[in-house]
Chemist: 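My structure is below; once you've seen it, I'll send some questions.
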Amino acid sequence: MANNGKVYLIGAGPGDPGLLTLKGRDCLARADVIVYDRLADPRILGWSREDAEKIYVGKASSHHTMKQEDICQLLAKLAAEGKTVARLKGGDSFVFGRGGEEALLLREKGLPFEFVPGITSAIAVPEYAGIPVTHRKVAASFAVITGHEDPTRPHSGINWKGLATGVDTLIFLMGVENLKNITARLVENGRPADTPAALVRWGTHPEQRTLVTTLGNAYDDVQKAQLKPPAIFIVGNVVRLRDQLNWFETKPLFGKTFVVTRARAQASSLTKRLEEEGAAVLEVPAIRITDPEDYAPLDNAIDHLAQYRWVLFTSANGVDRFFERLAAHGKDARAFAPCKIGAIGSATADTLDAYGIRADLVPATYKAEDLTEALLPLLQKGDKVLLARAARARNVLPDALRAAGAGVDVVAVYRTAADCGNKDELVAALKNGTVDCVTFTSSSTVTNLLDALGTEKGLLDSVTLAAIGPITAQTCKKQGLFPAVMAEKYTIDGLVEALKKHYAEKH
Ligand code: SAH
């Protein structure tokens with residue numbers, strides 16, 4: 001039988017999951033087994049197949065979880081079994097990544113492998129700190145050096161004289177623990193003690209921290225700031241450019257941690273927007289989107305869609321769920337041909353658009369009251385309206401329409417259920433003081449999170465609370481919570497804008 005086993009040695013980049021290459025992601029998506037290190041962001045693993053086996057082989061600088069020889073043997077064994085293996089390493093496999101060693105063993109055993117280059121932290125981490133490794137008229141060369149080697153060793157493999165005087169920018173990896181020796185050696189060998197230097201910890205992550213110093217003061221300053229690995233130490237005049245080029249740490253929400261309580265399936269849009277603004281995000285879904293208790297009313301409505309003059313959607317979820325059910329009936333968007341369509345909110349309208357339906361009515365703001373007001377003049381006596389929405393939603397909209405004489409059928413297309421699987425993670429983060437703000441994107445996120453927290457809900461008093469709109473804010477207040485931030489426009493973007501404004505004012 002042909003053996004199709006192969007190992008892809010993939011550089012996973014410096015941390016920010018967006019810095020994995022497209023080729024790396026493709027290989028990851030194909031792999032049967034993922035063998036990964038500590039520095040690979042866990043979210044990168046999310047691009048692998050759900051059924052792929054995931055093997056953690058560690059590698060914090062001093063306590064290796066699995067010995068290098070064992071990792072090499074493991075890769076060989078898996079490839080020999082015919083598996084497609086993604087060997088994920090931080091940064092690039094060839095920059096102090098021992099990728100060469102792993103491949104040499106595979107070559108010895110006649111097993112196939114490929115390298116997929118990654119973005120090395122040596123260049124990307126300074127870049128995220130606003131420090132270019134070369135710059136015209138400032139630095140024409142750079143060197144990447146291991147800081148792991150004991151520089152006091154009599155036969156150091158490092159040419160300190162050459163580095164100190166012959167290379168413009170010096171980039172030390174794994175150097176925090178040896179900083180005293182590294183800086184002393186460079187000064188001894190002719191690099192001026194007042195040369196600018198910087199230490200960047202957890203580069204490209206929301207936790208990134210940069211200390212700017214000089215070669216002479218670096219050791220003391222790093223001690224004082226108690227900066228621990230992983231970090232990169234950069235020496236050279238390019239460090240000065242950070243004053244103008246520091247772009248990442250100056251993002252509006254940089255350094256802040258937000259809790260996103262939306263359902264897992266919907267969380268990503270808010271998470272992504274917050275991360276774009278530099279924030280760290282902890283997803284703690286307080287709700288789960290699930291089937292309605294009874295599909296019969298929806299099925300009945302689908303069978304008789306032509307009788308409705310208007311079909312109204314109140315959420316993107318409602319639209320997705322409706323179309324899923326429609327497909328299950330063997331139907332598609334043409335089923336709506338006799339109807340007019342109304343949507344609350346631009347996200348709902350956009351979702352309809354994705355199914356090829358342009359909403360006839362999208363009220364300027366996002367409350368049910370506004371849709372009612374906009375719709376009433378368009379209704380004729382006897383018109384039937386179908387309201388497709390979550391089970392147990394407010395009755396403002398159907399009540400107002402009925403009062404105006406319309407026949408309204410309300411059908412549940414989905415239901416939100418309480419879900420707070422990683423509540424313990426939230427409680428721990430609140431207790432550690434690492435959370436800055438908890439965001440609420442609907443009333444049910446508020447009530448469900450409070451239920452889940454139970455007697456520990458007092459922990460929310462010490463953080464900023466943000467509500468997507470007045471209804472959610474009202475629910476908060478009823479429960480004794482007082483949101484300091486409320487979106488002016490009741491959308492995800494509106495919420496993010498309000499948060500940016502809030503934190504800009506606090507600075
Ligand atoms: N192959 C990797 C480097 C492995 S050596 C690469 O190409 O990036 C591990 C060292 O890399 C750490 O000790 C630290 O010095 C550096 N490093 C890796 N990721 C880092 C990050 N996000 N922030 C700061 N330093 C990082």
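In each ligand, atom 1 is the first atom listed, and ligand 1 is the first ligand listed. Only a predicted model underlies this, so the values are computations on that prediction, with no experimental measurement involved. Keep in mind that the numbers below use all heavy atoms, side chains included, and drop hydrogens, waters and symmetry copies.
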Chemist: Based purely on interatomic distance, does Gly90 place a nitrogen or oxygen under 3.5 Å from a nitrogen or oxygen of ligand 1?
Modeler: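 For ligand 1, there is an N or O atom that lies under 3.5 Å from one belonging to Gly90.
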
Chemist: Decide whether the shortest distance between a heavy atom of Gly15 and an atom of ligand 1 is less than 4.0 Å.
Modeler: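 Contact absent.
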
Chemist: Give the minimum heavy-atom separation between Ala124 and Thr204, together with the two atoms involved.
Modeler: O-CG2, 4.2 Å

Chemist: Any idea which atoms of ligand 1 are less than 4.0 Å away from a heavy-atom of Phe96?
Modeler: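 Answer for ligand 1: 4 (C), 5 (S).
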
Chemist: Evaluating non-hydrogen atoms only, which member of Gly13, Gly147, Ser121, Ala122 is closest to atom 8 (O) of ligand 1?
Modeler: Ser121

Chemist: Tell me, please: is Pro14 in heavy-atom contact with ligand 1, that is, under 4.0 Å?
Modeler: yes

Chemist: Work out which heavy atom in Gly5 is nearest to a heavy atom in Pro112; give both atom names and the distance.
Modeler: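 Closest pair (atom of Gly5, atom of Pro112, distance): O-CG, 3.1 Å.
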
Chemist: Which residue in the set Glu277, Glu488, Glu505 passes salt bridge (Lys or Arg N to Asp or Glu O under 4.0 Å) when paired with Lys500?
Modeler: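 Of Glu277, Glu488, Glu505, salt bridge (Lys or Arg N to Asp or Glu O under 4.0 Å) with Lys500 is met by Glu277 alone.
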
Chemist: Counting only heavy atoms, which portion of Phe172 has something under 4.0 Å from ligand 1: side chain, backbone, both, or neither?
Modeler: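 It is neither; nothing of Phe172 touches ligand 1.
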
Chemist: I'd like to check whether Met174 has a polar contact with ligand 1, where a contact means an N/O of the residue lying under 3.5 Å from an N/O of the ligand.
Modeler: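 Yes, since at least one N or O of Met174 sits under 3.5 Å from an N or O of ligand 1.
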
Chemist: Provide the number and element of each atom of ligand 1 under 4.0 Å from a heavy atom of Val200.
Modeler: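 Answer, ordered by atom number: 24 (C).
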
Chemist: Applying a heavy-atom cut-off of 4.0 Å, say which part of Leu173 lies close to ligand 1: side chain, backbone, both or neither.
Modeler: both

Chemist: Check Thr348 against Ala316 and note the closest heavy-atom contact, atom names and distance.
Modeler: OG1-N, 3.6 Å

Chemist: Hey, is Glu275 close enough to Arg43 for a salt bridge, meaning N to O under 4.0 Å?
Modeler: yes

Chemist: Does Arg201 pair with Glu207 as a salt bridge, N-O distance under 4.0 Å?
Modeler: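 Between Glu207 and Arg201 there is no salt bridge, as every charged N stays at least 4.0 Å from the carboxylate O atoms.
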
Chemist: Please evaluate residues Tyr8 and Phe113 with respect to the criterion ring pair (Phe, Tyr, Trp, His ring centres under 6.0 Å), reporting the C-alpha separation (whole Å), side-chain torsions for both, the decisive distance (0.1 Å), and the verdict.
Modeler: CA-CA 6 Å; Tyr8 291 93; Phe113 59 84; over 10 Å; no

Chemist: Within a distance under 4.0 Å of any heavy atom of Thr120, pick out the atoms of ligand 1 and give their elements.
Modeler: 6 (C), 7 (O), 8 (O)

Chemist: Among the heavy atoms of Thr204, does any lie under 4.0 Å from an atom of ligand 1?
Modeler: no

Chemist: Among Ala231, Pro117, Pro229, which one has a heavy atom closest to atom 14 (C) of ligand 1?
Modeler: Ala231

Chemist: Here's a test for you: under side chain to side chain contact (heavy atoms under 4.5 Å, CB included), which of Leu274, Val259, Leu253, Leu499 qualifies with Cys437?
Modeler: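 One option only clears the test, and that one is Leu499.
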
